[in-house]
There are 2 protein chains.
Amino acid sequence: MRLTEKRIAAALRQHGYKLTPQRRVVIGAITASRGQLTPAELYRKVHQEHPNIGLTTIYRTLEILGSLELVCELHAGGSGRSYTIGTPEHHHHIICSGCGEVVDFSGYDISPLEERLTRETGFEIEGHLLEFTGRCQRCRQNA
Amino acid sequence: MRLTEKRIAAALRQHGYKLTPQRRVVIGAITASRGQLTPAELYRKVHQEHPNIGLTTIYRTLEILGSLELVCELHAGGSGRSYTIGTPEHHHHIICSGCGEVVDFSGYDISPLEERLTRETGFEIEGHLLEFTGRCQRCRQNA
DNA sequence: TCTCTAAATGAAAACGATTATCATTTATAT
DNA sequence: ATATAAATGATAATCGTTTTCATTTAGAGA
């Protein structure tokens, strides 16, 4: 249940952000992609059709979308930052090391482990990071 | 069961790397720390006692130690890179958002989830990333 | 519809982190 | 003790990201 352009646009407005043409384009490019995107990749995509949109706007838009959890930041991939489209529910990601495609999954309850850790370590758990990397079907067949 | 200076030194030699005084110092600083360290932090620590050791050497040493899995790279923290000392067994980390202390844990079997994902998504799982953030006991008491 | 204002934009510069270069030094095998 | 490939440190180069600032504009209100 990935977020749609409309929902993202509505969420932006709801939080007092203006819905500029540039932001529409960026949001469109993110929702159209099946995979993870670095800021530079997103810029390249956007720049083809809209050469007047600057890299700075890409960064600023990603920052806002991230803060509203409309996009998710990925960590397991390479060295740089990369993003994928968000969903309304809590979920995690599997990222293809071949093509970068991102598949969401949910329904995995991590709280038993959190309780164990609270008990054993005395930490008050605040958050977690759970991602998988692997090879998607298509990339496996092409090999 | 964190790795000791001796074990790390031995592993380096075993893989054909030279055991230079600079590397000894870097390894010493990493094993002495209870928390996560960015390259810059590690440099600062090392630089106090050994002003002639350059930042480049820090980066190069971390790269080697990382490739041999003698240190672990952390992701859940801030934006930059950070490392912590490794262990012989597979494990995961809890990182204190207050002081940066890192606690290892193991004995959590993630393979049932991996099997579910293989079944449901067709991915061949290659690896995973599992980290927790939270507040350690000491930081909670100081608040 | 017109006007106004705070927010958003884009170009450029600044910045910080990381990597490459290269002449010099050194750990280790012999 | 020697030879040699590896490692080092200073510097420059590079990359990704953020800041700055003058200009433009979305959206609220008249």
### Query
In Å, rounded to the nearest 0.5 Å, how long is the span from NE2 of A:His75 to NE2 of A:His93?
10.5 Å

### A:Pro39 side-chain proximity, nearest of D:dT17, D:dA7, D:dA28
D:dT17

### Message
On DNA chain C, does the nearest nucleotide to B:Tyr17 precede the nearest nucleotide to B:Arg60 from the 5' side, or the other way round? Give the residue.
### Response
B:Arg60

### Query
Under 4.0 Å between a side-chain N or O of B:Arg81 and OP1 or OP2 of C:dA17?
no

### Query
Just checking B:Arg24: base, sugar-phosphate only, or nothing, at a heavy-atom cut-off of under 4.0 Å?
nothing

### Query
How long is the line joining CG of A:Leu12 and C1' of C:dA7, in whole Å?
13 Å

### Summary
Per atom distances to the A:Leu55 side chain, the nearest of D:dT25, C:dT18, D:dT17 is D:dT17

### Query
Atom CG of A:Leu19 to atom C1' of D:dT24: distance rounded to whole Å?
17 Å

### Message
Checking contacts here: which listed nucleotide (C:dG10, D:dT17, D:dT11) is nearest the side-chain heavy atoms of B:Thr56?
### Response
D:dT11

### d(OH, A:Tyr43; P, D:dC15) in whole Å
16 Å

### Task
Round to a whole Å and report the spacing from NZ of A:Lys18 to P of D:dT24.
15 Å

### Summary
Closest of C:dT18, D:dA7, C:dT28 to the B:Thr20 side chain is D:dA7

## Note on the structure
Separation of C:dA17 atom P from B:Ile58 atom CD1, nearest Å, is 14 Å

#### Entry: Separation of B:Glu5 CD from B:Ile85 CD1 (nearest 0.5 Å)
9.0 Å

### Backbone N/O of A:Ala9 and side chain of A:Arg23: donor-acceptor pair under 3.5 Å
no

### Query
Within the structure shown, what part of the strands sits under 4.0 Å from B:Pro21 by heavy-atom distance: base, sugar-phosphate, or nothing?
sugar-phosphate

### Message
Does any part of the side chain of B:Tyr83, heavy atoms only, come nearer than 4.5 Å to the side chain of B:Cys72, both counted from C-beta?
### Response
no

### Task
Provide, to the nearest angstrom, the distance between the CG atom belonging to B:Asn52 and the P atom belonging to C:dT25.
14 Å

### Task
Using a cut-off of strictly less than 4.0 Å, decide whether B:Tyr59 has a side-chain nitrogen or oxygen near OP1 or OP2 of C:dT19.
no

### Of the listed nucleotides D:dG9, C:dA6, C:dT28, the one nearest the side chain of B:Ile53
D:dG9

### Message
Looking at A:Gln22, I'd like to know whether one of its side-chain N or O atoms comes within less than 4.0 Å of OP1 or OP2 on D:dT24.
### Response
no

### Query
Rounded to whole angstroms, how far apart are CZ on A:Arg23 and C1' on D:dT24?
14 Å

### Query
What integer distance in Å separates B:Glu41:CD from C:dA17:P?
10 Å

### Task
Determine whether B:Thr84 and B:Val71 make a side-chain contact, defined as any pair of heavy atoms from C-beta on separated by less than 4.5 Å.
no

